[in-house]
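Have a look at the structure below, then the notes.
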Amino acid sequence: MSRKHISRRREAGTPPNHTQPNNTHQAPVTTMDAFSNPAARIGFGTMDLLQATEYPVTRLTQNYQLLTSLYRDNWIVQNIVATIPNDIVRKWYTLRSGVTPECMDQMARLERSTQLRRKLLLGMYWGRLYGGAAGLILVRGQDDLSRPLDLDAVLPGSFLGLQILDRWSGVYPEMELVTDPSDPDFGLPAFYTVREEASGQMVARVHHSRILRFIGRELPWQEQVTELYWGESEIEAVYSEVVKRDNVSGNIAALTFRANVNYMESDGLDQLLGTANTEMQRRFWNMMQAQAVMESNFGTRIVNRGDAIHNTQYTFTGLPDVYDRVMMDVAGAARTPVTKLFGRSAAGLNSTGEDDLQNYYDYIDGLRENEFRPMIERLLPIMALSAWGEIPDDLDIDFPPMWTPDAKEIAEIAERKTGAVISAYQNDLLDAGTAMEELQALADETGIFGKISDESIEAGRGQTYTKSRMLADPMAGLEMGAGPDQAEEEAEADENGEEDGDGKDKAEKQ
């Protein structure tokens with residue numbers, strides 16, 4: 001049943017059907033559409049269990065003690081924090097520039113000496129755990145951190161790396177915001193205050209151009225202001241799922257203690273425990289204790305004739321399915337496949353997990369472009385000046401593919417693509433030069449056909465499959481409907497060249 005509530009305010013004494021003049025103010029109309037079935041207690045406004053559901057704003061990100069305790073105690077939380085950053089930097093990046101191999105080696109040495117990869121990993125760790133972290137860019141000779149970073153003053157060997165500070169360890173955004181729309185940090189804090197936590201004294205005031213920001217999940221603007229322009233901890237979104245998993249796992253472990261329960265029938269036990277004197281109860285407990293010791297040591301129990309001992313075993317049917325569903329919920333909340341988050345192989349008939357990994361790597365590719373690339377592009381000019389003394393005009397970066405096929409997959413790719421090129425050549429859609437050029441282009445992907453020379457490609461220009469067969473065997477033209485004489489004439493014409501024929505025709509016309 002659909003119910004629509006419409007409330008209207010009319011002027012006193014105005015009939016319902018009276019048309020008001022245009023200059024009379026008409027109150028706004030409030031409408032609300034909702035499904036409701038009060039008789040069945042289903043839908044909006046009913047005493048339904050679903051309608052009692054609430055989602056209060058908890059802001060778990062601000063609970064430093066809880067987040068720290070979860071990270072130190074729970075291995076799943078540690079995996080949630082570390083798995084995605086590790087995959088982001090695992091393939092690193094490749095420089096795309098015309099610099100010499102020696103310059104590439106200099107850049108690699110600079111990255112190793114400053115431990116750049118490790119510092120970026122730490123920044124992403126603490127940004128995901130606490131919702132915010134900062135990397136202070138250190139350049140020798142630029143001691144006034146409140147001034148914008150000056151690239152002209154970056155000398156060779158002056159880049160010292162990054163100092164990582166999480167949002168609770170001494171770095172605090174100020175309220176002044178960047179107002180220049182062309183600035184990459186537009187709308188974010190213009191300055192950050194670095195304090196010593198022990199004394200509370202300000203160590204430095206840092207300009208935003210010297211800061212790399214690491215945040216967890218993005219927040220709407222108002223919530224971002226509430227979090228002092230940081231983001232949301234990744235743990236806040238998965239906290240309830242982690243709690244469910246821990247409780248399910250703990251209960252399953254507790255059930256193992258009740259997997260095999262022995263009990264003995266005893267006549268008059270209620271009278272013994274309720275009305276018997278203390279000496280009789282003591283003797284009873286001594287007997288039970290002796291029975292327990294004997295059963296533990298020898299696996300047997302001695303009872304009086306006529307007494308009965310029963311054994312109850314608990315079956316764990318269905319518990320693995322419940323635990324698997326809980327793991328899937330945790331993995332879905334963490335945006336990470338079960339195979340990577342929990343370190344288990346794909347389950348199920350004909351299940352390899354490749355589809356899950358492919359979707360996951362697509363997600364990582366998006367993070368590399370949207371989050372990791374801006375970090376590297378901010379650091380790259382500073383690193384180039386420190387390593388080479390200049391910034392090449394064509395300096396750029398590429399990210400290697402996350403998914404690397406194995407030898408069998410590469411062989412299948414090479415076979416299929418090579419067959420497609422050969423088929424096009426045999427149908428005279430490509431000449432020999434273009435076909436060899438297409439095969440040469442497969443070298444980076446398949447590792448074969450890289451030895452085809454440019455001279456061979458140029459020599460094959462204009463040579464189609466049909467012409468090549470006719471030159472090798474003049475009788476091959478019979479398969480295409482041409483007589484032996486015609487085939488020989490066409491082959492001879494191909495040998496002499498079309499230019500000579502054109503010149504002869506012109507001479508005869510003259």
Side-chain angles (χ1 to χ4, degrees), residues 91 94-98 101 350-362 364-366 368-369 394 396-509:
K91 293 289 187 176
T94 56
L95 285 174
R96 190 175 66 199
S97 179
N350 297 327
S351 178
T352 61
E354 291 186 1
D355 293 338
D356 293 340
L357 284 179
Q358 187 63 57
N359 294 333
Y360 171 71
Y361 286 144
D362 291 341
I364 295 298
D365 285 336
R368 290 197 297 180
E369 286 293 334
D394 60 346
D396 201 356
I397 61 172
D398 283 330
F399 293 114
M402 293 294 300
W403 183 268
T404 304
D406 55 22
K408 181 180 179 181
E409 293 174 337
I410 292 177
E412 292 177 353
I413 293 172
E415 182 179 1
R416 292 177 182 177
K417 293 192 173 184
T418 302
V421 174
I422 294 176
S423 177
Y425 169 66
Q426 290 178 343
N427 287 279
D428 288 342
L429 300 176
L430 300 175
D431 60 14
T434 305
M436 286 188 289
E437 194 172 20
E438 291 292 334
L439 293 176
Q440 188 188 53
L442 299 176
D444 294 336
E445 184 177 3
T446 61
I448 57 178
F449 304 121
K451 298 299 183 180
I452 299 178
S453 63
D454 295 337
E455 292 77 7
S456 300
I457 294 175
E458 293 301 324
R461 297 292 186 190
Q463 297 295 326
T464 63
Y465 178 73
T466 301
K467 291 182 179 180
S468 300
R469 290 191 61 192
M470 292 173 62
L471 287 174
D473 183 7
M475 300 299 294
L478 293 173
E479 299 177 1
M480 308 184 66
D485 297 336
Q486 182 179 355
E488 292 179 359
E489 291 177 359
E490 291 180 356
E492 184 178 357
D494 288 334
E495 290 179 354
N496 295 333
E498 296 179 357
E499 293 80 7
D500 296 339
D502 294 340
K504 183 178 180 181
D505 293 340
K506 294 180 179 178
E508 291 178 354
K509 290 180 181 180

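Numbers for residues simply follow the sequence, beginning at 1.
Residues D394 and S97 come closest through the heavy atom pair OD1-OG, 3.1 Å. When all heavy atoms of A443 and G450 are compared, the pair lying nearest together is CB-CA, 3.7 Å. Residue T446 comes nearest to I410 through the heavy atom pair O-CG2, 3.6 Å, listed as atom of the first residue, atom of the second, then distance.
Here the side chain of Q440 pairs a donor or acceptor atom with the backbone of I452 at under 3.5 angstrom. The backbone N or O of M402 lies less than 3.5 Å from no partner atom in the side chain of D365, so there is not a single donor-acceptor pair.
Pairs of residues two or more places apart, or lying in two chains, that qualify as salt bridge (charged side-chain N to carboxylate O under 4.0 Å, His left out) and include a residue from residues 414-425 are K417-E445.
The shortest side-chain heavy-atom distance between T94 and I397 does not fall under the 4.5 Å cut-off. Considering only heavy atoms from C-beta on, E437 stays 4.5 Å or farther from L430 through its side chain. Residues R368 and P400 form a side-chain contact, since some pair of their non-hydrogen atoms from C-beta on lies under 4.5 Å apart. Contact annotation: the side chain of L442 never approaches that of I448 to less than 4.5 Å [non-hydrogen atoms, C-beta and beyond]. W403 places a side-chain heavy atom less than 4.5 Å from the side chain of L357.
Separating the OG1 atom in T434 from the CG atom in D431 is a distance of 3.5 Å, to the nearest 0.5 Å. To the nearest 0.5 Å, atom OH of residue Y425 and atom CE of residue M436 are 8.0 Å apart. Atom CD in Q426 sits 10.0 Å away from atom OG1 in T466 (nearest 0.5 Å).
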